[in-house]
Number of protein chains: 2
Amino acid sequence: MNRLHNMSRADDALERLFRVTTVLSDAMAEDLAARGLTRARATVVAVLARMGPSNQRALADVLRVTPRNVTGLVDGLEGAGLVVRSPHPEDRRASLVSLTDAGAELAASLVEDERRLARFLFGGLDRDDLAAVTSGLDRVLERLAAPAFGELRREALER
Amino acid sequence: MNRLHNMSRADDALERLFRVTTVLSDAMAEDLAARGLTRARATVVAVLARMGPSNQRALADVLRVTPRNVTGLVDGLEGAGLVVRSPHPEDRRASLVSLTDAGAELAASLVEDERRLARFLFGGLDRDDLAAVTSGLDRVLERLAAPAFGELRREALER
DNA sequence: TATTGTTATACTCTATAACTATA
DNA sequence: TATAGTTATAGAGTATAACAATA
């Protein structure tokens, strides 16, 4: 009975998580689109802002995407004037992808947007509630990183 | 000072939320792929399980996607034997999309997976922590539904 | 030999526009 | 005249495979 109750609460929590995720990611995609950006390209801009000028191989690794995919993303961003390719100083096979001034400005603006969003979403919660949410999500992250998560997924596929 | 502290906590919470979302959605996409499904097609299956046999227009409205897009998704699912199109009994323009037995089985299995996932992710939290997370996410959902969220987004785009 | 990034090809999701068959 | 679903066309993200230049 108690256990059943807890189980239904877990379902509720996951449902809330999915709803928050959906609404948030739709809104963010829409806002990026209004700036002429897609999610994938915005991610490249954010990664470049964090890592500094990088070759495409490094980008592919960080984005966990094929090198061919990076070619396309960088093509798009270069066309939009947000990044430039330059010859890699030490490896003539590679090119170095860097943010232009416009790209760096955009990256800063995305970071600022995120900060405002965080304050907007969580600013109304008092410290204890906020701490509870954050540490709850941390627990979830621990579960997601645990080997048991892999087992759960394997079991599901074997059913 | 106190305010600054709260602000950084809000950033932390949003960062956790994004990380949970990313890991979870990557894992789910991978699991669907192992079953030969994409996210978009799995959503159609879930919607059909919930709404029962539907015409494509209704699917387009619920999925918030163009009718043309539904054509493609249903084509794919029909090819995989998960849904069938049949003539609509009352409207000869429309077709009725229904889950096959295999489709219904898959839908049930997806629901079951989600329940297991919820228990796995949140089963370790005690009642109070779980309630705190759920109600925190509810507060976030309220903020996302508030007109102020629209204003925040408009301001960001005007910068 | 191995690696970097490209061309070639293909699939999925998405959209708009024009069209057919029906309502 | 309006609606349901299609064909036609296009763009973005993703992937694998083959290849050229370079390490």
Side-chain angles (χ1 to χ4, degrees), chain A residues 22 25-26 28-48 51 53-80 82-98, chain B residues 22 25-26 28-48 51 53-80 82-98:
Chain A
T22 304
S25 105
D26 285 357
M28 293 175 78
E30 212 177 285
D31 293 351
L32 289 175
R35 290 172 137 146
L37 271 182
T38 60
R39 164 77 68 173
R41 290 182 190 175
T43 304
V44 176
V45 169
V47 165
L48 283 172
M51 303 203 315
S54 311
N55 68 22
Q56 298 187 189
R57 177 67 211 190
L59 289 175
D61 289 342
V62 170
L63 300 169
R64 289 198 296 181
V65 109
T66 61
R68 176 60 186 93
N69 199 340
V70 173
T71 300
L73 294 171
V74 171
D75 284 350
L77 289 169
E78 203 167 32
L82 296 171
V83 310
V84 282
R85 283 182 174 97
S86 47
H88 193 290
E90 287 150 25
D91 185 341
R92 283 195 297 174
R93 293 171 305 181
S95 51
L96 207 57
V97 183
S98 323
Chain B
T22 304
S25 104
D26 284 357
M28 292 174 77
E30 213 178 286
D31 293 350
L32 289 175
R35 289 172 138 144
L37 271 182
T38 60
R39 163 77 68 172
R41 289 181 191 175
T43 305
V44 175
V45 169
V47 165
L48 283 172
M51 302 203 316
S54 311
N55 68 21
Q56 298 188 189
R57 177 67 212 192
L59 289 175
D61 288 343
V62 170
L63 301 168
R64 288 198 298 181
V65 110
T66 61
R68 177 58 184 95
N69 200 340
V70 173
T71 299
L73 295 171
V74 171
D75 284 350
L77 289 169
E78 203 167 32
L82 297 171
V83 309
V84 282
R85 283 181 173 98
S86 46
H88 194 289
E90 287 149 25
D91 185 341
R92 281 195 299 174
R93 293 170 304 179
S95 52
L96 207 58
V97 183
S98 323

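Quick note on labels: first sequence line is chain A, next is B, and so on, each numbered from 1.
Residue Arg57(B) contributes atom CZ, which lies 17 Å from atom P of dA23(C) at whole-angstrom precision. In this structure, Asp61(B) atom CG and dT3(D) atom P are separated by 12 Å, rounded to whole Å. Regarding Leu59(A), its CG atom lies at a distance of 12 Å from the P atom of dT4(C), rounded to whole Å.
Residues passing the side-chain hydrogen bond (donor to acceptor under 3.5 Å, both in side chains) test with Asp91(A) are Arg93(A), sequence neighbours excluded. Thr22(A) is linked by a side-chain contact (heavy atoms from CB on, under 4.5 Å) to Asp26(A), counting only residues two or more places apart in sequence or in another chain. Among residues two or more places apart in sequence or in another chain, the side-chain hydrogen bond (donor to acceptor under 3.5 Å, both in side chains) test is passed with Asn69(B) by none. With sequence neighbours left out, Arg68(B) forms a salt bridge (Lys or Arg N to Asp or Glu O under 4.0 Å) with no residue at all. Applying the side-chain hydrogen bond (donor to acceptor under 3.5 Å, both in side chains) criterion to Arg57(B), with sequence neighbours excluded, gives Asp61(B). For Arg85(B), the salt bridge (Lys or Arg N to Asp or Glu O under 4.0 Å) partners two or more places apart in sequence, or in a different chain, are Asp75(B), Glu78(B). The side-chain hydrogen bond (donor to acceptor under 3.5 Å, both in side chains) test applied to Arg39(A) returns no partner, not counting sequence neighbours. With sequence neighbours excluded, no residue forms a salt bridge (Lys or Arg N to Asp or Glu O under 4.0 Å) with Arg92(A).
Close to dT6(C), at under 4.0 Å from its OP1 or OP2, lies a side-chain N or O of Gln56(A). Distances shown here put a side-chain N or O of Arg85(B) below 4.0 Å from the OP1 or OP2 atom of dT6(D). For Thr71(A), a side-chain nitrogen or oxygen approaches OP1 or OP2 of dT6(C) to under 4.0 Å.
Comparing the local axis fitted to the first five base pairs of the helix from dT1(C)-dA23(D) to dA23(C)-dT1(D) with the one fitted to its last five gives a bend of 20°, rounded to 10°.
Here Leu82(A) contributes atom CG and Ser98(A) contributes atom OG; the two are 13.0 Å apart, rounded to the nearest 0.5 Å. Rounded to the nearest 0.5 Å, atoms CG (Leu63(A)) and CG (Leu73(A)) are 7.0 Å apart.
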Generate the contact string for nucleotides 11-17 of chain C. Rules: B means base contact, S means sugar-phosphate contact only, - means no protein heavy atom under 4.0 Å.
-SSBBB-
Check residues 29-38 of chain B and write down every donor-acceptor pair under 3.5 Å in which the side-chain atom is one partner and the other belongs to a residue at least two apart or another chain.
{"from": "Glu30(B)", "atom 1": "OE2", "to": "Arg153(A)", "atom 2": "NH2", "distance (Å)": "3.2"}
{"from": "Asp31(B)", "atom 1": "OD1", "to": "Arg153(A)", "atom 2": "NE", "distance (Å)": "3.0"}
{"from": "Asp31(B)", "atom 1": "OD1", "to": "Arg153(A)", "atom 2": "NH2", "distance (Å)": "2.9"}
{"from": "Asp31(B)", "atom 1": "OD2", "to": "Arg153(A)", "atom 2": "NE", "distance (Å)": "3.1"}
{"from": "Arg35(B)", "atom 1": "NH1", "to": "Asp113(B)", "atom 2": "OD2", "distance (Å)": "2.7"}
{"from": "Arg35(B)", "atom 1": "NH2", "to": "Ser109(B)", "atom 2": "OG", "distance (Å)": "2.5"}
{"from": "Thr38(B)", "atom 1": "OG1", "to": "Arg41(B)", "atom 2": "N", "distance (Å)": "3.2"}

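Proximity of residues 86-97 of chain B to DNA chain D (heavy atom under 4.0 angstrom from any strand atom) is restricted to Arg93(B), Ala94(B), Ser95(B).
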